[in-house]
Amino acid sequence: MLHHIPDTAQALRDAVTKLKPGAPFLTYLYYAFDQRPAWFRATWKASDTVRRGISKLPIGPRKAITSMIAATVYWPAAKVATVVDRLGGNVDAIPLSSYRKYSFYTMRTDALDRFGTRLEQRFTKAQIQAMMEAAGLEDVRFRDGVPYWVAIGTKKRM
């Protein structure tokens, strides 16, 4: 959840100090859609306006609304992606297609994480690489597919 902390780089450095040399550190940060088309980024921008309003609500209404988002946006998109995938189509361009492999519970918790938090930061692959290396990690590697950006690095040995 480092993408919800105001100073993500400092939080990363603080976490890495707790590791023994040679220990792995796995992180997932919200990505900046740097490899996505303009329409995808525009869709996200519109959803971010909605997020800003929802995140200010008390927790009860926030959970109810994000559960509705999971049921009316995440779940249908995941089901469409499932059908396209089974028919042999490419689902990479379908928003939320990665959820075709997850439970509705995961969709609900992820919708709450996405829409229920006041601070959301997104980072490019280069920014994440730089933060991880500045925190004392080496051999930083990224997952090739969705979800972006999952990365692992190893704490430098002294």
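Heavy-atom basis, side chains included; hydrogens, waters and symmetry copies ignored.
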Q. Around atom NZ of K101, are there more than 12 heavy atoms of other residues, nucleotides or ligands at under 6.0 Å?
A. no

**Q.** D110 with R108: basic N within carboxylate O range, under 4.0 Å
**A.** no

Q: Let me see the working for T154 and L137 under side-chain contact (heavy atoms from CB on, under 4.5 Å), right down to the final yes or no.
A: CA-CA 5 Å; T154 304; L137 297 168; 5.8 Å; no

Under 4.5 Å between any side-chain heavy atoms of [X] and [Y], yes or no?
X: I152; Y: R143; answer: no
X: V140; Y: F142; answer: yes
X: L119; Y: P6; answer: yes
X: F25; Y: L12; answer: yes
X: M131; Y: L29; answer: yes
X: F40; Y: P95; answer: yes

Could you give the distance from [atom1] ([X]) to [atom2] ([Y]), rounded to the nearest 0.5 Å?
X: Y99; Y: I94; atom1: OH; atom2: CD1; value: 15.0 Å
X: K125; Y: I128; atom1: NZ; atom2: CD1; value: 9.5 Å
X: W75; Y: S103; atom1: CH2; atom2: OG; value: 13.0 Å
X: R52; Y: E120; atom1: CZ; atom2: CD; value: 8.5 Å

Under 3.5 Å donor-acceptor, [X] side chain and [Y] backbone:
X: R62; Y: L57; value: yes
X: E133; Y: A130; value: no
X: R41; Y: R36; value: yes
X: R51; Y: R118; value: yes
X: K155; Y: L19; value: yes
X: R100; Y: S97; value: yes

Establish whether [X] and [Y] are linked, either directly or via other cluster members, by ILVMFWY side-chain heavy-atom contacts under 4.5 Å.
X: W149; Y: F123; answer: yes
X: L112; Y: I5; answer: no
X: V73; Y: V50; answer: yes
X: F115; Y: Y102; answer: yes
X: I69; Y: F104; answer: yes

Quick one: closest heavy-atom pair of [X] and [Y], and the distance?
X: M107; Y: A78; result: CE-CB, 3.8 Å
X: A71; Y: P76; result: O-CD, 3.3 Å
X: A77; Y: L96; result: CB-CB, 4.0 Å

Q. Checking side chain to side chain donor-acceptor pair (under 3.5 Å) for the pair Q121/T8: CA distance, chi angles, key distance, verdict?
A. CA-CA 9 Å; Q121 300 181 90; T8 302; 2.9 Å; yes

Q. Taking the inter-plane angle between the rings of F33 and W44 on a 0 to 90° scale, is it parallel (under 30°), tilted (30 to 60°) or perpendicular (over 60°)?
A. tilted

Q.
Taking the cut-offs as 6.0 angstrom to the six-membered ring centre and 45 degrees off its axis, would you call R122 and Y30 a cation-pi pair?
A. yes

(Q) Quick one, D48 with R114, criterion side-chain contact (heavy atoms from CB on, under 4.5 Å). Give me CA distance, side-chain angles, the key distance, then yes/no. (A) CA-CA 9 Å; D48 195 54; R114 167 69 178 92; 3.8 Å; yes

**Q.** Step-by-step side-chain contact (heavy atoms from CB on, under 4.5 Å) determination, H4 to D113
**A.** CA-CA 9 Å; H4 296 307; D113 178 54; 2.8 Å; yes

Q: Kindly indicate, with the supporting measurements, whether the criterion side chain to side chain donor-acceptor pair (under 3.5 Å) is fulfilled by T109 and T106.
A: CA-CA 5 Å; T109 57; T106 299; 5.1 Å; no

